[in-house]
Protein chains: 2
Amino acid sequence: MNRVQVRTKVWLEVDGEPLIGDGRERLLLAIERGGSLNAAAAELGISYRKAWSQLQQMEKHAPFALVERSKGGKGGGSTHLTSEAKELLQRFASVKFGLNEMVDEKFAAERPE
Amino acid sequence: MNRVQVRTKVWLEVDGEPLIGDGRERLLLAIERGGSLNAAAAELGISYRKAWSQLQQMEKHAPFALVERSKGGKGGGSTHLTSEAKELLQRFASVKFGLNEMVDEKFAAERPE
DNA sequence: TTACCGTTATGCGGAATTTGCATAACGCTT
DNA sequence: AAGCGTTATGCAAATTCCGCATAACGGTAA
């Protein structure tokens with residue numbers, strides 16, 4: 001019974017719809033760093049289309065605005081996180097924090113042999 | 001920032017491939033109860049095809065046999081769990097146990113206001 | 001005023017995955 | 001030899017995922 005690993009996944013939901021998980025957390029963080037959705041997608045190595053869709057889904061269910069967007073103009077446009085989005089990231093991070101270690105411990109303790 | 005719920009998922013992997021999660025746990029338990037894959041599928045309200053595929057995937061990656069199957073004969077055939085599979089179920093259950101509560105606590109503690 | 005540029009926004013078709021219908025194979029029982 | 005209930009699978013339909021192509025936008029520079 002070796003080579004077996006335990007894995008966990010945590011996410012937040014609103015009305016039963018996914019709001020934020022690991023992938024979307026990465027996206028928001030990259031947006032914060034890069035100041036645009038386009039830059040974020042490039043940094044993450046995913047298509048702009050995919051990043052846009054993910055953000056779309058998040059905003060569809062979030063009870064508050066996550067980003068402020070602008071099109072055209074200087075630099076072509078931009079996307080920035082709202083303060084609520086930053087709070088959400090904080091909260092999500094602290095929920096995740098230490099979870100894997102907790103589960104690993106539990107798993108190791110349960111190990112036969 | 002209300003109406004937001006935290007959710008978790010736990011599963012075991014071997015070589016990075018999923019071995020057992022909630023759905024497959026249910027399947028194995030139903031097989032144990034019913035003594036056949038067919039009965040298990042009916043109990044769970046899923047198609048036989050789907051149950052069979054899930055079991056197929058599990059066995060593909062499990063480092064030990066999960067079930068003993070027989071075709072034809074009295075009763076048409078049967079599927080029974082091996083003792084290793086029963087151990088696996090035990091182990092998975094105890095890893096899961098209490099996880100949601102743990103996370104809920106963490107989440108509640110992190111709540112602003 | 002007009003052409004250009006880098007970004008956001010989105011339609012759409014193809015790829016990949018999931019689902020379930022249909023049917024074969026099996027071996028005991030009668 | 002026929003029947004029964006199960007396991008085993010091919011295959012097509014349905015669904016979801018992915019990314020190419022292109023439009024829209026508004027500041028900037030000529």
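All values derive from a computational prediction rather than experimental measurement. Each chain gets a letter, A, B and so on, in the order the sequences are listed, and its residues count up from 1.
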**Message:** Going by the rule side-chain contact (heavy atoms from CB on, under 4.5 Å), which residues pair with B/K74 if we only count those two or more places apart in sequence or in a different chain?
**Reply:** none
**Item:** Neighbours of DNA chain D within residues 26-37 of chain A, by heavy-atom distance under 4.0 Å
**Value:** none
**Asked** Among all residues two or more places apart in sequence or in another chain, which pass the salt bridge (charged side-chain N to carboxylate O under 4.0 Å, His left out) test with A/R26?
**Response** none
**Item:** Contacts of type side-chain contact (heavy atoms from CB on, under 4.5 Å), residue B/S70, not counting sequence neighbours
**Value:** B/S78
**Message:** Without decimals, in angstroms, what is the distance between B/N38 CG and C/dC26 P?
**Reply:** 18 Å
**Request:** Produce a footprint string for nucleotides 18-30 of chain D: one letter per nucleotide, 5' end first; B if the base is under 4.0 Å from any protein heavy atom, S if only the sugar-phosphate is, - if neither.
**Result:** SBB----BBSS--
**Request:** Tell me, please, which residues at least two apart from A/S53 pass side chain to side chain donor-acceptor pair (under 3.5 Å).
**Result:** A/R49
**Asked** Sequence neighbours excluded, which residues qualify as side-chain contact (heavy atoms from CB on, under 4.5 Å) partners of A/K71?
**Response** none
**Prompt:** Can you name the salt bridge (charged side-chain N to carboxylate O under 4.0 Å, His left out) partners of B/E59, sequence neighbours left out?
**Reply:** B/R69
**Request:** Kindly write out the residues that satisfy side chain to side chain donor-acceptor pair (under 3.5 Å) with A/S47, not counting sequence neighbours, or none if the list is empty.
**Result:** none
**Message:** Distance check needed: C/dT8 P versus A/E68 CD, whole Å only.
**Reply:** 14 Å
**Message:** With the threshold set at under 4.0 Å for non-hydrogen atoms, list the residues of residues 16-24 of chain B touching DNA chain D in residue-number order.
**Reply:** none
**Message:** Suppose the criterion is side-chain hydrogen bond (donor to acceptor under 3.5 Å, both in side chains): which pairs have a residue in residues 35-44 of chain B, not counting sequence neighbours?
**Reply:** B/R33-B/E43
**Selection residues 11-22 of chain B - residue pairs positive for side-chain hydrogen bond (donor to acceptor under 3.5 Å, both in side chains), sequence neighbours left out** = A/R3-B/D15, A/R7-B/E13, B/W11-B/E13, B/D22-B/K96
